[in-house]
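Scroll down for the structure; my scribbles are underneath it.
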Amino acid sequence: MTVTVTLPDGKALTFPHGVTGSDIAAAIGPGLAKAALILEVDGKEWDLFRPLEGDAHIRIITRKDEKSLELIRHDAAHLLAMAVQDLYPGTQVTIGPAIDDGFYYDFARAEPFTPDDLPKIEARMHEIVKEARPTRREVWPRDKAVQHFKDIGESFKAELIASIPSNEDVFIYWHGDWHDLCRGPHFRTTAEIGDAFKLTKIAGAYWRGDAKNAQLQRIYGTAWRDKKELDAYLTRLEEAEKRDHRKLGREMDLFHMQEEAVGQVFWHPNGHTLWRTLENYIRRRVGEAGYNEIKTPLLFDRKLWEQSGHWDTFHQNMFIAEVEDENRTLAVKPMNCPGHIQIFKQGTKSYRELPLRLAEFGSCHRYEPSGALHGIMRVRGFVQDDAHIFCTNDQITDETKSFCELLLRAYRDLGFESVKVKLSTRPEKRIGSDAVWDLAEGSLEKATRAAGLDFTFNPGEGAFYGPKIEFTLTDAIGREWQCGTLQVDFNMPERLGANYIGEDGNKHAPVMLHRAIVGSMERFIGVLIEHYAGKFPLWLAPVQAAVATVVSDADPYAREVVAALKAAGIRTVLDTGNQTVNYKVRQHSLAKTPYLLVLGRREAENRTVTVRKLGVEKQESLALDAAISMLSTEAVPPDLR
RNA sequence: GCCGAUGUAGCGUAGUGGUAGCGCAAUCCCUUGGUAAGGGAUAGGUCGUGAGUUCGAUUCUCACCAUCGGCACCA
């Protein structure tokens, strides 16, 4: 009996029965024999030491292959578990997958791991790599595995295996005398993991991702193909830290937060300028798209929230307001939809008025769990660029299409090109009948397709009143942020008694589309700060130009220049400080001011300015008028160009 | 909310069982300079809050608050 394997280049090789990936690699060449990590057999990953089961198309994966990253990380997770169980006997293993940039492993242990433990564990991992423990794969009946892991005190592992159907076999991987349940594949020895890994942090995590379960201790690590990649990753982390919105928010004097107003933002003049610039941009875009801007109250009688269904689902996350003299409970609005419905309900609405688009920069408050708060990205008081479109069934597709265009246009204007779309369907806890959900999900899917968007499904993640699409943008360093959303709601208008008179003269409940482009203003500004690392395009920059003098003789001219720039609408600061030019250049560069205009005697005499653009060392002398017109042109918001 | 860590002047940090230094920023003085830190002086802290141990606590212990890293949550 022989086995014939076909290589990616079409070459076929024949081997005796029982041949392994290692044998094949060795037959091809000694270099490959060493470099081989894993085999791909008819597209499936296969241990190099595992005999082939028949003829197949194969591919040998080496370190050069991008795919090896995930394999290295999976092996590194096992390596971490080995090291931990070596050093801390009695610690139970649970699961440990590869993730983006690395891996983690969840352990059950009574004492917490401390930051000091990480270097020790890491050192032990390096020792185990040097030991080159050989890997072995065994196939066990499920029940034997359950019993075995129970016997050795690995109750989490036993529980995991017990959830596998009893007629299935399970795979046990051995690295030396350490073993674990695993789907595989794994490298031939622990040596092949290499040394380009590092443990990064310790965290708590719930068993099986459920807060009702026991909390485990998770150790995170990162792993790469070589030291160079590892260093590049660590540098990337440092870069991300430098653009942290909390750090830049302080340095650029944009905002601050304090204990007396947890989860809420104090916007300083610079930050609020950024806010208004963004708000006005959206206001213009939304206005030209046929929305009417409104403003609704912050406090509503609790009865309204009971009627909408929010009280039932979210009352624990709502801020309650009560006054001594009045016997009623008010709640600070956690969202704007019920308020918008009240405006829709004023007067009798005709089908001729649909679609009716009501937009609001709506201030909302939610009592977010303390652990969820994160700078201005996740706060308790926030403003949504919210709008609700009241329309008929037939109008859903067109409205969805034009919203998607509006949103993508806005993201491009704000500097984001790459957008991912997810469609979330009915959650477990929801209102409305299944028939209505079928209709809502069906129309949203159809409309999303009609908008020409590529999307993936996110089952069970919809809002309690309807399915939604979520827009996730990618920032300058590849991180993803969910911002925009569009939700189809067949429930809320009816619950709150909204209707219109149809062509047939009868009352109908409108469909309501909830939608937001940036989502939360706070969060989006945080994303903008990190995306641009504080170096905003001119139209967004809070301070657009700094005028700095070289000598005090130039002060009167500098004041004149500042007045002219301000008159042209350029946000300008004046710096006549008693400092050297070098110092001023440094200060305004660190403040990330887009343009620095340096003025000395020369400029005062010739009525010119010497312009230095942020990040560019070259300077340019321009006539004052020319400079102002250049800056004004560049400062025009993208929608007004 | 859960697990872990952290909290010293506006910011960044050092340090100690005997009530605190440094750098930047600030203020003042000298310096008027040409593209990433000119020089000098001065001022600024109840060491997150509260309790306990102690002759004495910023330092040790406990509780609380906030922040950070995760998990869970996210209308």
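None of these values were measured; they are calculated from a predicted model. Lettering follows sequence order; numbering is per chain, from 1.
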Can you identify which nucleotide, out of [options], has its nearest atom closest to the [X] side chain?
| X | options | answer |
| --- | --- | --- |
| Y367(A) | G1(B), C71(B), U35(B) | G1(B) |
| T610(A) | A36(B), U35(B), A25(B) | U35(B) |
| V581(A) | G34(B), A72(B), G69(B) | G34(B) |
| A203(A) | G1(B), G70(B), G38(B) | G70(B) |
| R250(A) | U67(B), U35(B), C11(B) | C11(B) |

Between [N] and [M], how far is it from one [atom1] atom to the other, in whole Å?
| N | M | atom1 | value |
| --- | --- | --- | --- |
| A57(B) | G18(B) | C1' | 10 Å |
| G34(B) | G38(B) | P | 12 Å |
| G10(B) | G45(B) | C1' | 12 Å |
| G15(B) | U6(B) | P | 14 Å |
| C47(B) | G21(B) | P | 14 Å |
| G1(B) | A9(B) | P | 26 Å |
| A72(B) | C55(B) | C1' | 49 Å |
| A43(B) | G7(B) | P | 29 Å |

Modelled atom types, side-chain donor and acceptor of [X] and [Y], under 3.5 Å:
| X | Y | result |
| --- | --- | --- |
| R218(A) | T94(A) | no |
| N336(A) | D386(A) | yes |
| Y291(A) | R515(A) | yes |
| K333(A) | T296(A) | yes |
| W207(A) | D106(A) | no |

[X] (side chain) and [N] (base): donor-acceptor pair under 3.5 Å:
| X | N | answer |
| --- | --- | --- |
| N317(A) | G1(B) | no |
| R378(A) | C74(B) | yes |
| E603(A) | G34(B) | yes |
| R612(A) | A36(B) | yes |

Let's test this: given Watson-Crick or G-U wobble pairing with both distances under 3.5 Å, identify the partner of [N].
| N | value |
| --- | --- |
| U53(B) | none |
| G7(B) | C65(B) |
| A75(B) | none |
| A37(B) | none |
| G21(B) | U13(B) |
| U46(B) | none |

For this session: For residues C364(A) and M335(A), report the shortest heavy-atom separation together with the two atoms involved.
Result: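 Of all heavy-atom pairs spanning C364(A) and M335(A), the closest is SG-CA, 3.5 Å.
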For this session: Report which part of the nucleic acid H374(A) touches: base, sugar-phosphate, or nothing (heavy-atom distance under 4.0 Å, all strands).
Result: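 Contact class for H374(A): sugar-phosphate only.
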For this session: Classify the nucleic acid contact of T114(A) as base, sugar-phosphate or nothing, counting any heavy atom under 4.0 Å across all strands shown.
Result: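 Nothing, no nucleic acid heavy atom in range.
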Exercise. When the distance from CZ of F113(A) to C1' of C3(B) is rounded to whole Å, what number comes out?
Worked result: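 To the nearest whole Å, that distance equals 13 Å.
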For this session: Assign each of L596(A) and Y206(A) to its nearest nucleotide of RNA chain B by heavy atoms, then name whichever residue's nucleotide is nearer the 5' end.
Result: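 Whichever sits nearer the 5' end wins; that is Y206(A).
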For this session: Using the six-membered ring for Trp and the full ring for Phe, Tyr or His, decide whether F314(A) stacks on the six-membered base ring of A75(B) (centres under 5.5 Å, planes under 30°).
Result: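 Yes; by the centre-distance and plane-angle rule, F314(A) counts as stacking on A75(B).
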Exercise. Parallel, tilted or perpendicular for Y105(A) and F107(A), by the 30°/60° rule?
Worked result: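 Y105(A) vs F107(A) ring planes: parallel.
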